[in-house]
Amino acid sequence: MKEKQTHSIKLESTCKITDEICLPDTKLPRVVIVGGGFAGLALVEKLKHKEVQVVLLDKNNFHQFQPLLYQVATSALEPDSIVFPFRKQINGYKNVFFRLAEVEEIQPDSNTILTNKGSISYDYLVLATGTTTNFFGMDSVAENSLGMKDIRDSLNIRHMMLQNLEQAAITCDDEERDALTNFVIVGGGPAGVEMAGALAEFCKYILPKDYPEYPSSIMNIYLIEAIDELLSTMSDKASSKTLKYLEDLNVKVLLNEAVSNYDGKEVTIKSGKTILAKNLIWTAGVKGQFPKGIDEKHVVKGNRLKTDSFLMVEGYKNIFAIGDIAAVITEETPKGHPQVAQTAIQQGKYLGNVLLKIIKDKGVNPFEYKDKGSLATVGKRKAVADLGKFKFAGYFAWLLWSIVHLLSISGFRNRLMVGFNWAVSYFTYEKSNRLIIRNFKPKPSVNNTKK
Ligand SMILES: Cc1cc2nc3c(=O)[nH]c(=O)nc-3n(C[C@H](O)[C@H](O)[C@H](O)COP(=O)(O)OP(=O)(O)OC[C@H]3O[C@@H](n4cnc5c(N)ncnc54)[C@H](O)[C@@H]3O)c2cc1C
């Protein structure tokens with residue numbers, strides 16, 4: 001009888017107890033980074049090949065480029081062009097280890113974190129967990145609308161939209177058809193504006209070709225904003241130009257209006273108005289997300305973690321926060337820095353230098369944010385740009401927006417795919433394949449506690 005062959009490979013690890021996550025025993029100080037978004041990855045890049053053991057933990061095995069989520073949602077790009085696997089990113093970084101795990105709890109007294117896969121001890125812990133959609137306590141909206149915070153949300157929006165357009169061709173009920181072809185986007189920040197512009201272009205260029213049975217006026221796009229301007233963090237020029245661009249694309253922009261209820265078919269606005277719509281995309285707010293274990297008194301508005309100007313979370317000696325989750329509260333920045341990719345990247349790079357200096361017992365300078373300006377696009381060939389004193393709009397702003405975004409995407413192959421798709425679409429107005437490959441059913445998905 002043949003003897004059974006077993007191949008048991010023993011990893012050199014620090015695991016002492018069975019529920020510990022297996023990691024090599026390097027005797028180097030261990031920096032655990034939770035979250036591989038813009039902030040977490042910038043920190044990894046600073047610490048690669050250095051005298052520290054870096055453990056990157058993320059609940060996904062990929063980094064996602066959130067600024068282009070709306071293009072996946074509207075079929076302009078395929079999902080794999082804007083996500084990038086962590087293991088490919090850290091290829092060749094001998095001191096960096098990725099573990100796919102969701103962190104559930106921090107135990108600062110024992111310098112340990114608990115994940116859904118096991119525990120890990122740390123010398124330095126960095127929270128870079130970003131934000132989640134904030135529905136401001138409106139359960140009906142949370143249950144029936146779709147947020148746009150990650151790649152799954154984008155695919156949900158795409159499937160909802162394509163399924164509803166197909167269903168609109170089937171139904172003989174006029175009211176039902178209206179609801180299926182009306183789109184409401186809530187939030188006039190960059191995500192809402194860019195989504196509205198992309199949907200309007202879908203309506204203008206794709207709808208007449210794919211759905212010849214409809215008049216293009218069948219698809220109504222509403223953009224609802226609670227204050228009196230769009231893109232409120234940008235200049236007045238950018239706000240008014242954006243409004244004009246969207247109105248030229250037939251988007252119905254409702255300013256000073258806020259959604260108060262949504263039952264999945266009818267949107268109720270605070271002024272009393274109602275809109276029939278089976279498509280509601282919520283981009284009106286975010287709130288910080290982080291594992292339990294941090295003392296509540298260090299959590300500030302927006303569910304962000306209050307840090308000092310060295311990005312150390314108030315009340316702790318070896319826990320840091322970077323990116324959207326961090327609120328660096330100083331006299332100059334009483335509300336913290338803007339929750340944008342540039343802040344996250346700059347904080348990740350800065351903290352890399354700080355940690356290396358702390359380990360070597362050297363002094364460090366406080367974090368200083370350098371505002372490199374803001375860009376937002378409103379459909380093809382139209383964008384707005386605020387770059388310090390220079391504020392401009394139109395084709396050159398759009399060209400700049402395209403170049404900046406293309407260069408910021410992780411991975412050469414991804415840049416090539418996005419560039420190719422954009423080039424094709426520039427000349428043909430064609431978008432990616434519009435396939436319905438899964439049945440989308442809206443479901444309550446968010447932790448909707450008031451903050
Ligand atoms: C639709 C949209 C459009 C945007 N457009 C722009 C733009 O044009 N320009 C701009 O500058 N900014 C834009 N932003 C904002 C920008 O994307 C964020 O500021 C940036 O992503 C913040 O980076 P971060 O690293 O802090 O967090 P994120 O990029 O959100 O990364 C957080 C990471 O943490 C992981 N994570 C979370 N919790 C856990 C856990 N418990 N355990 C393990 N892993 C966890 C997540 O999986 C994720 O990978 C946009 C955001 C959105 C949603």
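The first residue in the sequence is number 1, and the count goes up from there. No hydrogens, no waters, no symmetry mates; every other heavy atom, side chains included, goes into these values. Indexing begins at 1, ligand by ligand and atom by atom, following the structure's order.
Looking only at protein heavy atoms, the nearest one to atom 20 (C) of ligand 1 is F38 CD1, 3.5 Å. Looking only at protein heavy atoms, the nearest one to atom 27 (O) of ligand 1 is G130 CA, 3.4 Å. In this structure, the protein non-hydrogen atom closest to atom 41 (N) of ligand 1 is V103 O, 3.1 Å. At the top of the distance list for atom 36 (N) of ligand 1, counting protein heavy atoms only, stands K59 CE, 3.9 Å. Closest protein heavy atom to atom 1 (C) of ligand 1: M148 O, 3.5 Å. Atom 23 (O) of ligand 1 has as its closest protein heavy atom A344 CB, 3.7 Å. Atom 31 (O) of ligand 1 has G37 CA, 3.2 Å as its closest protein atom, hydrogens excluded (heavy atom only). From the protein, the heavy atom lying nearest to atom 30 (O) of ligand 1 is Q66 NE2, 3.0 Å.
Heavy-atom minimum distance, L246 versus V193: CD2-O, 4.0 Å. Nearest heavy-atom pair, I329 versus G336, reported as atom, atom and distance to 0.1 Å: CD1-N, 3.9 Å. Closest approach of I224 to I275, counting heavy atoms only: CD1-CD1, 4.3 Å.
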- Decide ring-ring contact (aromatic ring centres under 6.0 Å, His included) for W422 and W398; before the verdict, give the C-alpha distance in whole Å, the side-chain angles of both, and the deciding distance to 0.1 Å. CA-CA 12 Å; W422 284 356; W398 173 80; 7.9 Å; no

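Near K149, with a cut-off below 4.0 Å to any heavy atom, the atoms of ligand 1 are 53 (C). When each atom of ligand 1 is checked for a heavy atom of G323 under 4.0 Å away, the hits are 26 (O). Listed by atom number, the atoms of ligand 1 under 4.0 Å from Q289 heavy atoms are 37 (C). Here is the list of ligand 1 atoms found below 4.0 Å of a heavy atom in N60: 47 (O). Against a heavy-atom cut-off of under 4.0 Å, A191 is close to the following atoms of ligand 1: 1 (C). Less than 4.0 angstrom separates some heavy atom of A341 from each of these atoms of ligand 1: 10 (C), 11 (O), 12 (N), 16 (C), 19 (O).
For E51, the CD atom counts as loosely surrounded, since its 6.0 Å shell holds 12 or fewer non-hydrogen atoms of other residues, nucleotides or ligands.
With distances taken over non-hydrogen atoms, the option nearest atom 7 (C) of ligand 1 out of A101, A321, P67 is P67. Here atom 39 (C) of ligand 1 lies nearest to T129 when heavy atoms of V83, V404, T129, L68 are compared. Counting heavy atoms only, A128 comes closest to atom 32 (C) of ligand 1 of the residues A39, G35, A128.
Checked against a 3.5 angstrom limit, the closest N/O atoms of D324 and ligand 1 fall inside it. Residue-to-ligand polar distances keep V34 apart from ligand 1: every N/O pair is separated by 3.5 Å or more. In terms of polar-atom proximity, Q339 is counted as a contact of ligand 1, with an N or O under 3.5 Å from an N or O of the ligand. Below 3.5 Å of separation, one finds no N or O of L69 facing any N or O of ligand 1.
Using a 4.0 Å cut-off between heavy atoms, Q64 makes no contact with ligand 1 at all.
Residues S239 and T242 have side chains that never bring a donor and an acceptor to within less than 3.5 angstrom of each other. Side-chain polar atoms of E368 and Y350 form no donor-acceptor pair below 3.5 angstrom. Side-chain contact annotation: T132 with K149, donor-acceptor N/O pair under 3.5 Å absent.
With contacts defined as side-chain heavy-atom distances shorter than 4.5 Å, the pair Q89/H63 does not qualify. No side-chain heavy atom of T129 sits less than 4.5 Å from a side-chain heavy atom of V103.
Taking 4.0 Å as the cut-off between side-chain N and carboxylate O, K59 and E104 do not count as a salt-bridged pair.
Geometrically, R381 engages Y426 in a cation-pi contact defined by less than 6.0 Å to the ring centre and at most 45° from the axis.
Of the candidates V55, L57, L127, I113 forms a side chain to side chain contact (heavy atoms under 4.5 Å, CB included) with just one, namely L57.
Within a 4.0 Å radius of atom 14 (N) of ligand 1, the protein contributes no heavy atom.
At least one heavy atom of D58 sits closer than 4.0 Å to an atom of ligand 1.
Judged by distance alone, with hydrogens and angles left aside, the side-chain atoms of N279 form a donor-acceptor pair with the main-chain N or O of N182 at under 3.5 Å.
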